[in-house]
2 protein chains.
Amino acid sequence: MPSRSAVPDGKRPTLSDLAARAGVSVPLASMVMRGAKGPSAASRERVLQAAQEIGYRPDSRARLLRSSRSHLVGVQFDLQQPFHADMVEALYAAAGAAGYQIALSAVAASRSEQEAVEMLLADRCEALILLSPHAPAARLAEFAAQLPVVSVARRLRPLTEGVDVVRAADDEGARQAVDHLVALGHRDIVHIDGGRAPGAADRRRGYKSAMKHHGLTDRVRLVPGGLTEDHGAAAARTLLTDSSRPTAVLAFNDHCAIGVLDTFLRARIRVPDEISVVGFDDSHLARLAHVQLTTVGQEARQLARRAVSRVVARLEGGATDDEREVVVTPHLVIRSTTRAPCRS
Amino acid sequence: MPSRSAVPDGKRPTLSDLAARAGVSVPLASMVMRGAKGPSAASRERVLQAAQEIGYRPDSRARLLRSSRSHLVGVQFDLQQPFHADMVEALYAAAGAAGYQIALSAVAASRSEQEAVEMLLADRCEALILLSPHAPAARLAEFAAQLPVVSVARRLRPLTEGVDVVRAADDEGARQAVDHLVALGHRDIVHIDGGRAPGAADRRRGYKSAMKHHGLTDRVRLVPGGLTEDHGAAAARTLLTDSSRPTAVLAFNDHCAIGVLDTFLRARIRVPDEISVVGFDDSHLARLAHVQLTTVGQEARQLARRAVSRVVARLEGGATDDEREVVVTPHLVIRSTTRAPCRS
DNA sequence: CATTTGATTTATAACGTTGTAACAACGTTG
DNA sequence: CAACGTTGTTACAACGTTATAAATCAAATG
């Protein structure tokens, strides 16, 4: 059996191995390793040198155990949602900047939110950031009784005690999309909605209010849709068999928009020449070279920053109640699926 | 400020809080919580009751610190790769079944593999499972000197000391795709390759050898491609401007195949009526309702199982050197982008 | 020279858990 | 009745780290 490290017995080297090697005391080695001020330049040098030699790495578990603060934020995300991937990346950055670490726990078909959260709690996280949690508000409230909880992208109404919400302004996003289309000259703008999905009601409302604002109340048209390509494709087929075809479509999200695009492509309807399509989320789907979907961006970076700063505020005592719900303004990402209608 | 738990001072309840509440000693409470045999039914009842009341949760960090074994496997994955999402899900299941837990560490544009691994090591993982690692073999070898390392989907040649490899048989996958197309009656089968990407050489080889096996050596045709939709689209355009168009295309991966499909669709070439397309990976892209791509499945579940059992073998001493490289046979998933050619 | 100061370093005690060994309390057995 | 298992319980020490306070030492002061 090959040796696993520079320490004879094959165990992972500890602070006392390090201290012994450097010829100093354990606490001093500790101070050097965590960059505390105090040790002289010479000692620091010796310890770091020794650390290099024996391949010492601090054991974060022991560290966290000792200090009452763990500076660890648990993040629950869904493996299959591209938007969550963007969020997790942004969260790493935001948390790091605030001096916190992140513990990931994934949700998937075979792994429930319950399991995911249990694990984060066992890991001694100081706070939870849940991406689009599906758990009932009551369960979230239970967690919130133990530690700060932030729900990202899932709105809670009424505001649940102790659970902060950070989300995009879905209504505002839909409004921006409509404004953009109207500015291009569109009037017959259809919204394929998301039914009972989180955010769907807001997007519907934003769509309607924007149409009204542009004096197009009589052109408002909702087609039942959903979250998937299939929903989009089905809705698009409905539009095709229709006598009066709209000149623009605002889909519930990118997935749905992709289904719409594909159906149109197969039906030989050119996008954006004959009809414009707008999605929602700015997921990586929208950015695919052959898709280049105009879409409403959710500003993952912003959402992440706000979620983290909310958590930090709660933990470090700067939380104010007027920020229990943080709403981030989304912004339209204009790509190649929108253009002026060929004739108005 | 609202109270955060059932314990007065707002701290997370510990074993001694629990023991005090239940009127027993700390070790006894510990035994109950970890389900050890010994405590009487009455004590067990009392402790569990108390745990319920004060919302006690074992602190996994303290647990792991105490016991020399952590039973923790670190998994490094790429947030943006759908195939990794499938693998992570399968790994949770496989590790759980083997009595191990998983610590996730993500790689993304703003987070390097180096950082990801550092964090896993600090977390006291006993082994690493790296999904398609890009780090140079030398770095992997360094890690392997400290703990068991498994590289999934990235082949290492020569076999790096201490690093196990678990991967799909890329050549066999390509072979299966060609066999399927030939069985349908295709003879002019083009391969859009992946250049220098991991696995590309094997897929190329499998393609060529299968063609040869079917007596189609003179029909072998390679078009330079790559990993993205753009690469596929570019290659497809090359094929379009060509005098003799093939009847089937085997793309390097699903992304590439999607680019091909889209280009054909825009050029009014019907798939699979006029031309068949096969992808590679069986990522969620292939499963999209409007894509339904015939593709070579990588068997995430199998790969995960083998990776975990490899790790367990190393940790528990059942490792044999003849399994340093585990190759899992992929299997073709036939969907709607392949069909017999309209005329041979 | 005794004493204070400031800069380094160290001893000690935690953090929350679990393994080991010891300890009661009990009925059994020779 | 003493020795003996059982069964259930507990004291104690450890895991690797860090916070606190105490100790050391050189230089600077009175």
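Chain identifiers are assigned alphabetically (A, B, ...) following the order of the sequence lines, protein sequences preceding nucleic acid strands; residue numbering begins at 1 within each chain. Fair warning: this is a prediction, and the values are worked out from it, not measured in the lab.
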- request: To the nearest 0.5 Å, tell me how far B:Gln76 CD sits from B:Cys125 SG.
  value: 11.5 Å

query: Can any side-chain N or O of B:Arg57 pair as donor or acceptor with the backbone N or O of B:Arg12 at less than 3.5 Å?
result: no

Which nucleotide wins on minimum distance to the side chain of [X], given the candidates [options]?
X	options	result
A:Arg63	D:dA19, D:dT17, D:dG16	D:dT17
B:Leu65	D:dG16, D:dT17, D:dT10	D:dG16
B:Leu28	D:dT9, D:dA11, D:dA19	D:dT9

- request: Residues of residues 34-50 of chain A with any non-hydrogen atom less than 4.0 angstrom from an atom of DNA chain C: list those, numerically ordered, please.
  value: A:Gly38, A:Pro39, A:Ser40, A:Ser43

query: Any side-chain heavy atom of A:Thr14 within less than 4.5 Å of one from A:Val26?
result: no

query: A:Asp164 versus A:Val326: any side-chain heavy-atom pair under 4.5 Å?
result: no

Comparing B:Ser25 and A:Ser60 on DNA chain D - which has the more 5′ nearest nucleotide: B:Ser25

message: Between A:Ser30 and B:Val24, which residue's closest nucleotide on DNA chain D lies nearer the 5′ terminus?
response: B:Val24

Heavy-atom contact window of chain B on DNA chain C, given 5' to 3' at under 4.0 Å: C:dG16 to C:dG19

query: Does A:Ser67 put a side-chain nitrogen or oxygen below 4.0 Å from OP1 or OP2 of D:dT18?
result: no

task: For atom CZ of B:Arg301, decide whether the heavy atoms of other residues, nucleotides or ligands shown that lie under 6.0 angstrom number more than 12.
output: no

task: Taking all heavy atoms of A:Ala144 and all of A:Val163, pick out the closest pair and write down the distance.
output: CB-CG2, 3.7 Å

Atom-pair distance ([atom1] on [X]; [atom2] on [N]), nearest Å:
X	N	atom1	atom2	answer
B:Asp59	D:dG16	CG	P	16 Å
B:Leu15	D:dT10	CG	C1'	14 Å
A:Leu18	D:dT17	CG	P	9 Å

message: For A:Ser309 and A:Arg305: C-alpha separation, side-chain torsions, deciding distance, then whether side chain to side chain donor-acceptor pair (under 3.5 Å) applies.
response: CA-CA 6 Å; A:Ser309 70; A:Arg305 258 204 292 267; over 6 Å; no

task: Both distances under 3.5 Å, Watson-Crick or G-U wobble: report the partner of D:dA26, or none.
output: C:dT5

message: So, applying side-chain contact (heavy atoms from CB on, under 4.5 Å) with B:Leu91, which one of B:Ile129, B:Asp86, B:Leu303 is it?
response: B:Ile129

message: What's A:Arg124 touching, base or sugar-phosphate or nothing? Going by heavy atoms closer than 4.0 Å.
response: sugar-phosphate

Identify each donor-acceptor pair in which a side-chain atom of residues 94-107 of chain B lies under 3.5 Å from a protein atom, sequence neighbours left out, and give them as a table.
from     : atom 1 : to       : atom 2 : distance (Å)
B:Tyr100 : OH     : B:Arg69  : NH2    : 2.7
B:Tyr100 : OH     : B:Glu316 : OE2    : 2.7
B:Ser105 : OG     : B:Arg111 : NH1    : 3.1
B:Ser105 : OG     : B:Ala116 : O      : 3.0

